[in-house]
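Report on the following structure.
Heavy-atom basis, side chains included; hydrogens, waters and symmetry copies ignored. Computed from a prediction, not measured in an experiment: that's the story for all the values here.
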Amino acid sequence: LFMNEIKNIIFDFGGVLYDIDVQKTIDKFKILGIDDNSSLDNLYTLLFEIEIGKIEEVEFLNRLHELSKNNSSKEDLLDAFNGILIGIRENKVIDLIRLSNTYHLYLLSNTNIIHYNLFSEQIKSNRNTYLFYELFVKEYYSFELGLRKPDPDIFKYVLNDSKLVANETLFIDDDEKNINAAKELGIHTFWFQNHDNW
């Protein structure tokens with residue numbers, strides 16, 4: 001309806017462009033003894049800290065190890081943590097190529113250095129998806145910026161850094177809190193809810 005005034009599209013990564021399975025990681029952590037409410041609360045605190053770059057991989061794994069009641073190995077904990085990562089579908093890359101001919105594309109992701117290193121290598125080494133990163137004018141990652149969605153400051157940073165006009169910009173995310181935060185700044189939004197209906 002309003003795409004004629006849109007010049008820029010900011011995509012969320014996990015859950016929109018890249019398939020993830022949060023439950024898979026939660027299930028694996030439960031097996032490793034991170035299974036009660038207190039442990040899960042501490043886990044979410046840890047996730048927040050690594051996603052804003054406040055802690056590094058070594059500290060993250062040490063603190064995960066302390067949370068595990070089963071004295072699980074750091075290798076098993078890392079495997080559980082990475083269980084969330086599934087992959088990117090080739091058809092999405094093809095569609096992004098088409099979109100990049102008309103719009104300036106940007107990436108804005110709440111993620112951490114551990115997952116970034118894995119999924120970026122996975123995408124670049126696959127002949128069906130290796131073009132992915134070339135399609136974006138710029139990528140923004142929470143662990144590099146020290147900010148994460150839905151903090152309004154991360155949206156302000158992207159707008160200012162790339163000199164984007166809010167009402168010429170569309171933001172696509174699967175988390176309603178992030179959508180609402182972007183709306184408050186006058187950015188057009190699309191709440192991506194049906195993961196099977198790209």
Item to check | ILVMFWY cluster, Ile113 and Leu85 together (side-chain gap under 4.5 Å) | outcome: yes
Item to check | Set of residues satisfying ring-ring contact (aromatic ring centres under 6.0 Å, His included) with respect to His115, sequence neighbours excluded | outcome: Phe81
Checklist outcome for this item: Distance col, row Ile88:CD1 vs Leu96:CG, nearest 0.5 angstrom, shows 6.5 Å
Next on the checklist: The test is side-chain contact (heavy atoms from CB on, under 4.5 Å); show your working for Val22 and Ile26 and say whether it passes.
Outcome noted: CA-CA 6 Å; Val22 177; Ile26 291 170; 3.8 Å; yes
Next on the checklist: Suppose we screen for side chain to side chain contact (heavy atoms under 4.5 Å, CB included). Which residues come up paired with Tyr130, at least two apart in sequence or across chains?
Outcome noted: none
Item to check | Rounded distance (nearest 0.5 Å) linking atom CD1 of Ile114 with atom CD1 of Ile50 | outcome: 4.0 Å
Checklist entry - Is there a path from Leu17 to Tyr133 through hydrophobic residues (I, L, V, M, F, W, Y) whose side chains come within less than 4.5 Å of each other? => result yes
Checklist entry - Between atom CD1 of Ile52 and atom CZ of Phe143, what is the distance when rounded to the nearest 0.5 Å? => result 13.0 Å
Item to check | Residue pairs passing the side chain to side chain donor-acceptor pair (under 3.5 Å) test where at least one lies in residues 15-30, sequence neighbours excluded | outcome: Tyr18-Gln122, Asp19-Arg89, Gln23-Asp27, Lys28-Asp79
Item to check | Parallel, tilted or perpendicular, as decided by the 30° and 60° cut-offs, for the rings of Phe192 and Phe190 | outcome: tilted
Next on the checklist: Looking at every heavy atom in both Ala181 and Pro150, which two are closest together, and how far apart are they?
Outcome noted: CB-O, 3.2 Å
Item to check | Reported CZ-to-CG distance for the pair Phe60 and Leu46, which is rounded to 0.5 angstrom | outcome: 5.5 Å
Next on the checklist: Tell me if a side-chain donor or acceptor on Ser68 pairs with a main-chain N or O of Leu32 at a distance below 3.5 Å.
Outcome noted: yes
Item to check | Shared hydrophobic cluster for Leu40 and Ile31 (ILVMFWY, side-chain gaps under 4.5 Å) | outcome: no
Next on the checklist: Side-chain heavy atoms under 4.5 Å apart, restricted to Ile/Leu/Val/Met/Phe/Trp/Tyr: what other residues fall into the cluster of Leu147, or is it alone?
Outcome noted: Ile10, Tyr106, Leu108, Val137, Tyr140, Leu145, Ile154, Phe155, Tyr157, Val158, Leu159, Leu164, Phe171, Ile179, Leu185, Ile187, Trp191
Checklist outcome for this item: So CZ of Phe13 and OG of Ser120: to nearest 0.5 Å the spacing works out to 8.5 Å
Checklist entry - Would Ile94 and Leu105 show up in the same hydrophobic cluster when neighbours are defined by side-chain heavy atoms closer than 4.5 Å? => result no
Next on the checklist: Tell me if a side-chain donor or acceptor on Thr129 pairs with a main-chain N or O of Phe132 at a distance below 3.5 Å.
Outcome noted: no
Checklist entry - Under a single-linkage definition using a 4.5 Å side-chain heavy-atom cutoff for Ile, Leu, Val, Met, Phe, Trp and Tyr, are Leu107 and Tyr116 assigned to the same hydrophobic cluster? => result yes
Checklist entry - Which residue pairs pass the side chain to side chain donor-acceptor pair (under 3.5 Å) test with at least one member in residues 45-59, sequence neighbours excluded? => result Glu49-Arg63, Glu51-Arg148, Glu59-Arg63
Checklist entry - Going through the checks in order, is the side-chain contact (heavy atoms from CB on, under 4.5 Å) test met by Phe136 and Phe11? => result CA-CA 10 Å; Phe136 297 94; Phe11 284 94; 4.2 Å; yes
Item to check | Pair Lys149 + Asp175, salt bridge at N-O below 4.0 Å | outcome: no
Item to check | Partners passing side chain to side chain contact (heavy atoms under 4.5 Å, CB included) against Ser39 (at least two apart in sequence or in another chain) | outcome: Ile34, Asp36, Lys69
Next on the checklist: Between Lys92 and Asp95, does the salt bridge (charged side-chain N to carboxylate O under 4.0 Å, His left out) criterion hold? Intermediate values first, please.
Outcome noted: CA-CA 5 Å; Lys92 291 189 178 184; Asp95 289 336; over 6 Å; no
Next on the checklist: Working to the nearest 0.5 angstrom, can you tell me the gap between His65 NE2 and Asn70 CG?
Outcome noted: 11.0 Å
Checklist entry - Between the side chain of His188 and the main-chain N/O of Glu168, is any donor-acceptor distance below 3.5 Å? => result no
Item to check | Pair Val58-Asn62, side-chain contact (heavy atoms from CB on, under 4.5 Å): steps then yes or no | outcome: CA-CA 6 Å; Val58 172; Asn62 284 340; 3.7 Å; yes
Item to check | Leu67 and Phe29, any side-chain heavy atoms less than 4.5 Å apart | outcome: no
Checklist entry - Any chance CG of Asn37 has more than 12 other-residue heavy atoms, nucleotides or ligands included, within less than 6.0 Å? => result no
Item to check | Nearest atoms (heavy-atom pairs only) where Ser100 meets Ile97 | outcome: OG-O, 2.7 Å
Next on the checklist: With side-chain contact (heavy atoms from CB on, under 4.5 Å) as the criterion, how do Asp173 and Thr189 come out once you've worked through the C-alpha distance, each side chain's angles and the decisive distance to 0.1 Å?
Outcome noted: CA-CA 8 Å; Asp173 199 293; Thr189 59; over 6 Å; no
